[in-house]
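See below for the structure under consideration.
Note: hydrogens, waters and symmetry copies are ignored here, and every other heavy atom, side chains too, is used. All chains are named by letter (A, B, ...) in the order of the sequence lines, taking the proteins before the strands, and each is independently numbered beginning at 1.
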Amino acid sequence: MTARIGVVTFPGSLDDSDAARAVRLAGAEPVSLWHASDDLSGVDAVILPGGFSYGDYLRCGAIARFSPVMGSVVARANAGMPVLGICNGFQVLCEAHLLPGALIRNDRRTFVCRDQKLRVETRDTVWTCDFADGQEIVIALKNGEGNYQADAETIARLEGENRVVFRYLDGNPNGSINDIAGITNEAGNVVGLMPHPEHNVDPLAGPSLDGLPFFTSVQRFLLAAVG
Amino acid sequence: MARVIVDVMPKPEILDPQGKAVTGALQRLGFTGLQVRQGKRFEVEVDGEVSEERLGQIRHAAETLLANTVIETFDVRVEG
């Protein structure tokens, strides 16, 4: 079985073709999904890519959240379908309440673009099961509004339930509470993070191949679910 | 046509980097002793009369789309 992984294109998405390429390099079949259609073409998983959906007007992800495709993504995610939100996709997942909290402007007020070191805090998600416990990885980070915020109760719950999936190492680039770079939902099928694994899948284009396990993890999960 | 104003502000406990930048610029310009927090103002033109029911709809719209109540508060009022 070749997994079919949908990649949504919103008006203003930037990294949809990189995400599709990463899916292909990891051995799955990428399927293009369009924001204005609620048809998910029977995909097994969905990636919400980085970029500036709907121009980031109002708030990042606030308008994309109400697009036709998101109605279907939310329904399928709640039924257990794997969903990965990268950067703007993470913002969309928070606005859609598939993940708690919100992303606000970086505390340093500038756009940050660099190779970012992270620690994988949990393998217990659909998108991280191919990593080692506590593995340190380096993937691209590029955002202006990546500062993760939530109330104290939400943060305590995320930490207590082991739902902080990635933490920034060697300096917090944006002011995120507890150096949080990515989180998951209670079931572990929805993951959002600010850094960009899809940019680290080819030795020609980056300092590591640390992005690949994201895209192989989901395939391992899907295969196990079938078998 | 009536106008309803929706003001959206970052919650007091949430960092406001834009307001901080504006505060810094004011200080550099010599406008001392001023602290700024920056929000958004929406002017909503309403067909017909602004009834309590209509205001309720606008509050619902503000809560659903105009503000993210995880990080922002909002206030709805009729102008005039």
- Item | Portion of B:Ile71 that has a non-hydrogen atom of chain A nearer than 4.5 angstrom |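 It is the side chain, since no backbone atom gets that close.
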**Asked** Which atoms of B:Leu15 come close to chain A, meaning under 4.5 Å heavy atom to heavy atom: side chain ones, backbone ones, both, or neither?
**Response**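 Backbone plus side chain of B:Leu15, per the 4.5 Å heavy-atom cut-off to chain A.
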- Is it the case that more than 12 heavy atoms not belonging to A:Phe111 sit under 6.0 Å from its CZ atom?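 Above 12, so yes.
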Using only distance, no hydrogens or angles, which N or O donor-acceptor pairs sit under 3.5 Å between chain B and chain A?
residue, atom, partner, partner atom, Å
B:Lys40, NZ, A:Leu58, O, 3.0
B:Leu65, O, A:Arg59, NH1, 3.1
B:Leu65, O, A:Arg59, NH2, 3.0
B:Leu66, O, A:Arg59, NH1, 2.9
B:Asn68, ND2, A:Glu95, OE2, 3.3

Which atoms of A:Ile104 come close to chain B, meaning under 4.5 Å heavy atom to heavy atom: side chain ones, backbone ones, both, or neither?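 Looking at A:Ile104, just its side chain touches chain B.
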- B:Gln27: what forms a side chain to side chain donor-acceptor pair (under 3.5 Å) with it, not counting sequence neighbours?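 With neighbours one apart ignored, the set is empty.
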key: Residues of residues 44-56 of chain B contacting chain A, heavy-atom criterion under 4.5 Å, by residue number   =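 None at all.
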task = Taking ring-ring contact (aromatic ring centres under 6.0 Å, His included) as the test, write out the residues that go with A:Phe166, two or more places apart.
result =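 Applying ring-ring contact (aromatic ring centres under 6.0 Å, His included) to A:Phe166 gives A:Phe214.
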